[in-house]
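Written out below as structure tokens is the structure these notes cover.
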Amino acid sequence: MKKVLFFGAVLAGLTLASCGKKGAEATTEKDANATTEQVESKATETEAEAKVEDRAWYTVAIPASWESKQYASEMIVKKEGAELNFKEQAKGELAKWVENLTKSAEGKLDDITTGDITWNVFKNDKNFKTVYVAQVKDGVVRVGSSLEDPNDAEVIKILQSVKAK
């Protein structure tokens with residue numbers, strides 16, 4: 001009789017242990033899914049925080065940490081000493097802009113491609129330490145930067161957000 005009771009107790013213990021393990025695995029899986037959802041939610045919130053500025057034939061997503069002001073002929077974007085100056089010319093020819101920048105800038109740097117837009121990059125032109133110029137749809141967009149690093153991650157992120165309408 002003692003053996004039967006002992007065996008029943010062991011069997012009951014094993015059953016509870018296996019159910020508890022399944023419960024722990026389920027909890028871990030739920031926690032992992034919740035963490036994934038939180039990360040995705042934060043990424044969506046960050047994208048939602050960007051302010052989309054609408055220009056004549058293109059748009060630019062400006063991160064919330066940057067301040068932007070639009071004027072008829074340009075848009076100024078600033079953040080803690082960094083400044084970007086967007087200027088465009090409808091029905092402009094990229095070749096003419098590149099030719100003029102080649103004459104006035106200190107030097108031509110490597111091009112940067114963001115999506116389907118290739119930015120010609122120049123060093124030290126007039127009031128800008130770096131200048132980016134690209135054909136966007138039927139016009140040309142010029143972005144003058146106060147930053148020396150042509151590959152500044154935040155500037156590249158803004159350039160990547162430039163989309164033709």
Side-chain angles (χ1 to χ4, degrees), residues 25 27-165:
E25 287 173 1
T27 302
T28 304
E29 188 175 323
K30 284 180 188 175
D31 290 346
N33 289 340
T35 302
T36 302
E37 289 172 7
Q38 288 172 345
V39 169
E40 289 172 358
S41 174
K42 286 203 181 271
T44 304
E45 287 173 18
T46 302
E47 290 171 9
E49 290 174 8
K51 178 181 177 184
V52 176
E53 292 287 4
D54 193 16
R55 298 298 290 167
W57 67 89
Y58 68 97
T59 60
V60 182
I62 308 298
S65 58
W66 290 72
E67 175 187 327
S68 62
K69 292 190 179 181
Q70 290 212 42
Y71 303 96
S73 64
E74 65 186 357
M75 177 174 61
I76 309 293
V77 181
K78 294 181 179 182
K79 176 187 174 183
E80 300 170 8
E83 183 175 318
L84 302 177
N85 179 289
F86 284 77
K87 192 167 186 78
E88 58 273 332
Q89 181 180 11
K91 303 200 186 283
E93 293 181 33
L94 180 63
K96 287 183 181 178
W97 281 73
V98 169
E99 180 183 333
N100 289 336
L101 283 166
T102 302
K103 291 176 186 174
S104 62
E106 184 178 304
K108 170 101 170 67
L109 304 173
D110 291 338
D111 292 351
I112 295 174
T113 301
T114 58
D116 59 351
I117 298 174
T118 298
W119 297 90
N120 289 268
V121 184
F122 296 87
K123 180 179 180 181
N124 294 328
D125 179 60
K126 299 178 184 162
N127 299 325
F128 305 114
K129 292 181 180 175
T130 306
V131 177
Y132 309 86
V133 63
Q135 189 79 41
V136 179
K137 203 172 180 178
D138 294 332
V140 177
V141 177
R142 187 269 295 147
V143 181
S145 172
S146 67
L147 301 173
E148 285 186 46
D149 180 7
N151 297 306
D152 181 82
E154 289 187 87
V155 173
I156 298 300
K157 182 178 179 181
I158 292 171
L159 293 178
Q160 287 173 333
S161 75
V162 173
K163 305 285 184 231
K165 289 186 194 176

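For reference, positions follow the sequence shown, starting with 1. Since this is a predicted model, take the numbers as computed values, not measurements.
Annotation for K108: atom NZ counts as buried by contact number, over 12 foreign heavy atoms lying within 6.0 Å.
Residues F122 and A105 share a closest heavy-atom pair of CB-CB, 3.8 Å. Heavy atoms only, all atoms of each residue included: V162 and V60 are closest at CG2-CG2, 4.0 Å.
Side chain of K137 to main chain of K165: a donor-acceptor pair is present (N/O by atom type, distance under 3.5 Å, no hydrogens or angles). At distances below 3.5 Å, at least one donor-acceptor pair connects side-chain atoms of Y132 with backbone N or O atoms of P150. The backbone N or O of E83 sits less than 3.5 Å from a side-chain atom of S146, completing a donor-acceptor pair. Not a single donor-acceptor pair under 3.5 Å links the side chain of Q70 to the backbone N or O of E74. Put simply, the side chain of Q135 gets close to the backbone of L94: a donor and an acceptor are under 3.5 Å apart.
The side chain to side chain contact (heavy atoms under 4.5 Å, CB included) test with T130 singles out one residue from V143, V121, N124, L147, and that residue is V121.
In this view, E80 satisfies the salt bridge (charged side-chain N to carboxylate O under 4.0 Å, His left out) rule with no residue, not counting sequence neighbours. Under the side-chain contact (heavy atoms from CB on, under 4.5 Å) criterion, F128 pairs with N85, V131, R142, not counting sequence neighbours.
Using modelled atom types, one finds a donor on one side chain and an acceptor on the other under 3.5 Å when comparing D125 with S104. A side-chain donor from one of W119 and T114 sits under 3.5 Å from a side-chain acceptor of the other.
V141 places none of its side-chain heavy atoms less than 4.5 Å from the side chain of V133. Looking only at side-chain heavy atoms (C-beta outward), S145 and K129 stay at 4.5 Å or farther from each other.
The OG atom of S68 sits 6.5 Å away from atom CE of M75, with the distance rounded to the nearest 0.5 Å.
Taking a cutoff of 4.0 Å between a charged side-chain nitrogen and a carboxylate oxygen, E88 and R55 qualify as a salt bridge.
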- prompt: Checking salt bridge (charged side-chain N to carboxylate O under 4.0 Å, His left out) for the pair K123/E106: CA distance, chi angles, key distance, verdict?
  reply: CA-CA 6 Å; K123 180 179 180 181; E106 184 178 304; 3.7 Å; yes

Is there a salt bridge (charged side-chain N to carboxylate O under 4.0 Å, His left out) between E154 and K79 once you walk through the steps?
CA-CA 10 Å; E154 289 187 87; K79 176 187 174 183; 2.6 Å; yes

